[in-house]
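This report refers to the structure that appears directly beneath it.
Residue indices begin at 1 and follow the sequence shown. Predicted, not measured: the structure shown is a model, and the values here were computed from it.
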Amino acid sequence: MNYRLFCLTAFFLAVSSGAAAGGAPSLPEIEGWKCGETASARLEAFEKDYGYFERRDYRTPGGMSFEAVLTGGAGPKFFNQPPAGVSGGAGEASYEIISVNGYKTSLEYDPLVGLALSVNAFDKNYTLTLECGPFETSGDLLECARTLIGEMEKTDPDKTPEAVL
């Protein structure tokens with residue numbers, strides 16, 4: 001789950017804090033969910049703005065807890081991501097490339113660490129990652145991602161995603 005390392009590194013390398021720029025997606029409050037505080041930081045280096053980072057913990061009414069990380073701007077990238085429909089794994093760990101709300105998404109599972117879902121929304125200039133423990137189901141995590149993306153795009157003037165599959 002290399003994306004976790006990227007997100008943690010990006011957070012600690014941020015040189016100043018701040019929220020997403022006006023009009024940029026943000027991690028929303030979801031009615032009926034317990035929503036933790038939002039931690040955010042600008043991603044800046046060598047006097048160049050690479051975007052922003054947000055992190056928030058959520059708990060659904062059904063009791064599922066997960067962490068959401070949103071990176072936006074010029075910084076987030078997926079390099080060498082396999083095409084849609086590819087899956088694989090080693091031992092009991094696995095990954096699969098799927099679509100969530102029209103966006104190319106990587107779903108990873110590790111029996112010790114849990115589930116991680118990375119949504120590639122480059123046409124919207126952001127990447128959304130959700131992570132939860134090993135006892136949650138991928139279906140529940142996918143539903144949470146669909147809900148978050150839907151709420152984030154309610155404030156987006158161009159709500160129609162371009163399929164990147």
Side-chain angles (χ1 to χ4, degrees), residues 1-11 20 24-40 51-72 75-156 159-165:
M1 298 196 188
N2 295 331
Y3 199 73
R4 284 183 192 190
L5 181 59
F6 167 77
C7 290
L8 288 173
T9 302
F11 181 76
S26 185
L27 293 173
E29 291 277 333
I30 306 289
E31 188 174 332
W33 290 14
K34 291 183 181 176
C35 305
E37 294 294 318
T38 302
S40 63
Y52 63 96
F53 168 95
E54 285 186 0
R55 184 201 158 283
R56 188 174 213 170
D57 291 322
Y58 289 97
R59 186 172 185 91
T60 67
M64 180 176 176
S65 294
F66 66 95
E67 175 186 76
V69 174
L70 176 70
T71 52
K77 301 288 182 258
F78 275 64
F79 293 104
N80 300 319
Q81 190 178 27
V86 170
S87 62
E92 292 185 34
S94 64
Y95 73 92
E96 182 179 7
I97 306 301
I98 59 174
S99 177
V100 174
N101 289 27
Y103 299 112
K104 191 174 190 179
T105 300
S106 172
L107 176 63
E108 300 176 44
Y109 172 74
D110 183 288
L112 298 175
V113 180
L115 289 161
L117 183 105
S118 300
V119 179
N120 170 341
F122 293 143
D123 60 324
K124 300 291 185 177
N125 214 25
Y126 72 87
T127 300
L128 175 66
T129 302
L130 279 62
E131 297 178 350
C132 64
F135 303 110
E136 306 294 349
T137 68
S138 59
D140 288 342
L141 190 61
L142 287 166
E143 187 57 37
C144 291
R146 288 182 192 106
T147 300
L148 274 175
I149 292 168
E151 290 296 316
M152 287 167 42
E153 291 185 347
K154 282 182 179 179
T155 59
D156 187 345
K159 297 178 185 173
T160 308
E162 293 178 18
V164 291
L165 296 174

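Taking R146 as the reference, E143 meet the salt bridge (charged side-chain N to carboxylate O under 4.0 Å, His left out) condition, with sequence neighbours excluded.
Closest approach of L70 to P25, counting heavy atoms only: CD2-O, 3.4 Å. Closest approach of T38 to L27, counting heavy atoms only: OG1-O, 4.4 Å. Heavy atoms only, all atoms of each residue included: A93 and D110 are closest at CB-OD2, 4.0 Å. The two atoms that bring E92 and P111 nearest to each other are CB-CG, 3.7 Å, heavy atoms only. In plain terms, the two heavy atoms of S26 and M152 that are nearest each other are O-CG, 3.3 Å. Scanning all heavy atoms of the two residues, the minimum distance from S65 to C132 falls at O-CB, 3.5 Å.
Sorted by first and then second residue, the pairs that involve residues 26-39 and meet salt bridge (Lys or Arg N to Asp or Glu O under 4.0 Å), not counting sequence neighbours, are E29-R56.
Of the candidates L128, I97, L117, L130, T105 forms a side-chain contact (heavy atoms from CB on, under 4.5 Å) with just one, namely L117.
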When the side chains of residues 135-142 are checked against the rest of the protein, which donor-acceptor pairs come out under 3.5 Å, sequence neighbours left out?
from : atom 1 : to   : atom 2 : distance (Å)
T137 : OG1    : D140 : N      : 3.1
T137 : OG1    : D140 : OD2    : 3.1

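Ring planes of Y58 and W33: perpendicular class, angle over 60° (limits at 30 and 60°).
L107 contributes atom CG, which lies 6.0 Å from atom CG of L115 (distance to the nearest 0.5 angstrom). Taken to the nearest 0.5 Å, the OH atom of Y52 stands 8.0 Å off from the OG1 atom of T71.
Under the 4.5 Å side-chain criterion, counting only non-hydrogen atoms from C-beta, Y103 is not in contact with N120.
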